[in-house]
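Below is one structure, written out as structure tokens, with a few remarks after it.
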Amino acid sequence: MNQTLAHCVCSQGRARQFLGGITLMQRKLVRIGGLLAVIGLLTGIASIFVPWVQQLVVTGSGRRAQQRLDSITVLNIKMGLWYVILLLILIAVLGAAVLGADQGRKFAGLAGPILSLVTASVAVSLITTFDGRLAGPGRITEVGTSAGSWLALVAMPLLGFACGLIAIGRAKAGAARHVSAPAGVAAEHD
């Protein structure tokens with residue numbers, strides 16, 4: 001009775017655990033990672049085109065002074081191209097997590113979160129070190145952050161976690177799979 005019960009539980013557990021060679025937990029990780037990747041890709045790409053900083057520029061003096069609000073994207077900020085390059089590399093690493101072979105997934109699972117932290121620190125340094133930039137006459141009176149910089153800071157952890165979750169979820173189940181021994185070897189151990 002106990003052997004039959006143990007056999008039924010064991011075979012059902014294996015069927016539940018390895019449905020199609022991938023565990024159900026791995027499928028959940030891939031789904032969650034895919035959702036994070038889509039949101040991260042949308043916010044990361046939007047951060048390139050949405051203004052990062054706004055500056056109030058005053059031209060003239062006295063009663064004739066005019067004010068204008070300039071919006072500056074990341075590509076117009078000094079060293080802003082580094083953020084875009086690191087974002088594109090992070091997107092490529094995400095692609096390696098999704099489409100890569102076993103070693104590519106391992107690399108993406110490790111490099112993705114680290115690269116997202118590096119890219120987020122570059123974004124923070126771009127935001128905090130920007131003092132203003134004039135394209136014409138006038139003086140800058142105020143500088144403030146805008147939506148693009150916030151989108152960049154939201155996109156980085158999403159893309160980093162997505163790399164890790166997808167890499168874990170798409171890892172081969174062969175290491176955890178029960179490997180049965182040949183009949184002669186199993187008979188010797190019984």
To check you understand the geometry: which heavy-atom pair defines the closest contact between [X] and [Y], and what is its length?
{"X": "Pro113", "Y": "Ala108", "answer": "CD-O, 4.0 Å"}
{"X": "Ala123", "Y": "Ala152", "answer": "CB-CB, 4.4 Å"}
{"X": "Ser116", "Y": "Gly160", "answer": "OG-CA, 3.6 Å"}
{"X": "Leu94", "Y": "Ala37", "answer": "CD2-CB, 3.7 Å"}
{"X": "Thr43", "Y": "Gly40", "answer": "OG1-O, 3.2 Å"}
{"X": "Ala162", "Y": "Gly33", "answer": "CB-O, 3.4 Å"}

Not counting sequence neighbours, which residues clear side chain to side chain contact (heavy atoms under 4.5 Å, CB included) with Ser125? List them please.
none
Measure the OG-CG distance between Ser121 and Leu153 for me, rounded to the nearest 0.5 Å.
10.5 Å
Which value, rounded to the nearest 0.5 Å, describes the distance between Lys106 atom NZ and Leu110 atom CG?
11.5 Å
When Ile72, Thr129, Ile127 are each screened for side-chain contact (heavy atoms from CB on, under 4.5 Å) with Ile77, the one that passes is Ile72
Looking at Leu42, Leu36, Leu35, which one forms a side-chain contact (heavy atoms from CB on, under 4.5 Å) with Val38?
Leu42
State yes or no: do [X] and [Y] share one hydrophobic cluster built from I, L, V, M, F, W and Y residues joined by side-chain heavy-atom distances below 4.5 Å, directly or via other members?
{"X": "Leu151", "Y": "Val53", "value": "no"}
{"X": "Val122", "Y": "Ile85", "value": "yes"}
{"X": "Val154", "Y": "Trp52", "value": "no"}
{"X": "Leu90", "Y": "Leu75", "value": "yes"}
{"X": "Ile39", "Y": "Ile91", "value": "no"}

Main-chain N/O of Gly100 paired to Arg105 side chain as donor or acceptor, under 3.5 Å
yes
Counting distance only, does the side-chain N/O of Arg170 pair as donor-acceptor with the main-chain N or O of Val98 below 3.5 Å?
yes
So do [Y] and [X] actually touch side chain to side chain, heavy atoms under 4.5 Å?
{"X": "Leu115", "Y": "Met156", "answer": "no"}
{"X": "Phe107", "Y": "Val93", "answer": "yes"}
{"X": "Thr73", "Y": "Asn76", "answer": "yes"}
{"X": "Leu159", "Y": "Leu41", "answer": "yes"}

Residue pairs, two or more places apart or on separate chains, that pass side chain to side chain donor-acceptor pair (under 3.5 Å) and touch residues 79-100:
Ser47-Tyr83
